[in-house]
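Input: a single structure, listed below in structure tokens.
Hydrogens, waters and symmetry mates play no part in the numbers below; they use all other heavy atoms, side chains included.
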Amino acid sequence: MNDVIEIIPAVIPKSFAELEAAAKLVAPHCSWLHVDVMDGVFVPNTTIQNPLEFHQLKTSLKLEAHLMIWATPEARNAWFDSPAERLIWHVEAFDSPDEIKRTVESTKAIGKQVGLALNPETPLSAVEPYLDKLDTVLVMTVKPGFAGQKFEESVIPKIAALRQIWPNGTISVDGGIRVGTARQVVAAGARRLAAGSALFGVGDFVEALRLLRGTTV
Ligand code: DX5
Ligand code: ZN
């Protein structure tokens, strides 16, 4: 496997202090931080979610915002003004395919990278029309909402199918990523992995990151 596999630490910040602490820990070792944003409506969990708060964060990390929120016009505009360099929207969070298309185009037009995320049960057909405009597709291998859930193996064929129809695209996977599951999703075609509980709260972040990176080279 010659392609570089990128591991992005994932945080579910309940407060600005938590976001800041995660960024401090991660910054010396990574380029990106995956920030899970939850509105308590699209998913049954809540994080800090005012994009303005993210402007207060002083870090060398680039932010990838995984937006588990209803993609209302207000929410969309607010996130366009955020410091996140990559916005990942959930296809299930829009009222119509037309809204998805417009949001993908607007995110690109303001100079940010754009991704679409798929819940475990959502079929690939939901992202297919937009593939040529996307920087990444984030395939969820747990139901969005919480860290530390069990990896859903049944999603692996979807990753492999996406690899087939999108051979040069960047497939991201999020949920239950640890040493064994990382190997499985990379074999299926994933190139970017978001990992939460395998890296945080295990005692030694740097060692956990080294181990996870080591499984995917
Ligand atoms: C789930 C989040 C994930 C999660 C990852 O809703 O989007 O990013 O925090 O945590 P683990 O790796 O513990 O599943
Ligand atoms: Zn996430």
If you apply the rule salt bridge (charged side-chain N to carboxylate O under 4.0 Å, His left out), what do you find for Glu99 with Arg102, and how did you get there? CA-CA 5 Å; Glu99 301 254 291; Arg102 270 194 283 137; 3.0 Å; yes
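With sequence neighbours left out, Glu207 forms a side-chain hydrogen bond (donor to acceptor under 3.5 Å, both in side chains) with Arg210. Not a single side-chain hydrogen bond (donor to acceptor under 3.5 Å, both in side chains) links Asn77 to another residue, sequence neighbours left out. With sequence neighbours excluded, the residues satisfying side-chain hydrogen bond (donor to acceptor under 3.5 Å, both in side chains) with Gln113 are Arg86. Among residues two or more places apart in sequence or in another chain, the side-chain hydrogen bond (donor to acceptor under 3.5 Å, both in side chains) test is passed with Thr170 by none.
Two residues are said to be in side-chain contact when any heavy atoms from C-beta on lie closer than 4.5 Å; Phe200 and Leu25 meet this criterion. When side chains are defined from C-beta on, Val186 counts as touching Arg191, because their heavy atoms get closer than 4.5 Å. The shortest side-chain heavy-atom distance between Gln184 and Phe151 falls under the 4.5 Å cut-off. Leu162 places none of its side-chain heavy atoms less than 4.5 Å from the side chain of Glu128. Side-chain contact check for Trp79 versus Val37: some heavy-atom pair is nearer than 4.5 Å.
For Trp89 and Tyr130, the ring centers sit 6.0 Å or farther from each other.
When all heavy atoms of Leu87 and Ser82 are compared, the closest pair comes out as CD2-OG, 4.0 Å. Contact between Asn119 and Lys158 at its shortest, heavy atoms only, is O-NZ, 3.0 Å. Nearest heavy atom pair, residue Pro167 against residue Arg163, reads O-NH2, 2.9 Å. Nearest heavy-atom pair across Ile156 and Ala188 is CG2-CB, 3.9 Å. For Ala93 against Ile69, the heavy-atom pair with the smallest separation is CB-O, 3.3 Å. Between Ala126 and Val91 the shortest heavy-atom distance is O-CG1, 3.9 Å.
For the salt bridge (Lys or Arg N to Asp or Glu O under 4.0 Å) condition, the pairs that include at least one residue of residues 141-153, sequence neighbours left out, are Lys143-Glu152.
Note that the CD atom of Glu53 and the OG atom of Ser15 stand 8.5 Å from one another [nearest 0.5 Å]. A distance of 7.5 Å separates CD1 in Ile171 from CD1 in Ile159, rounded to the nearest 0.5 Å. To the nearest 0.5 angstrom, Ile88 atom CD1 is 8.0 Å from Leu67 atom CG.
In this structure a side-chain-to-backbone donor-acceptor pair under 3.5 Å is present from Asn45 to Gly145. With hydrogens and angles ignored, the 3.5 Å screen pairs no side-chain donor or acceptor of Gln49 with any backbone N or O of Thr46. Remark: the backbone N or O of His66 is not paired with any side-chain donor or acceptor of Asp36 at under 3.5 angstrom. Side chain of Thr107 to main chain of Thr103: a donor-acceptor pair is present (N/O by atom type, distance under 3.5 Å, no hydrogens or angles). Distance alone, capped at 3.5 Å, is enough to place a donor-acceptor pair between the Thr141 side chain and the Gly175 backbone.
The environment of Asp95 atom CG is sparse: at most 12 non-hydrogen atoms of other residues, nucleotides or ligands sit within 6.0 angstrom. No more than 12 heavy-atom neighbours from other residues, nucleotides or ligands sit within 6.0 angstrom of NZ on Lys101.
Side-chain atoms of Arg178 and Thr215 form no donor-acceptor pair, as typed in the model, at a separation below 3.5 Å.
Other residues sharing the hydrophobic cluster of Met38, ordered by chain and number and joined by side-chain separations under 4.5 Å: Ile12, Val41, Phe42, Val43, Met68, Trp70.
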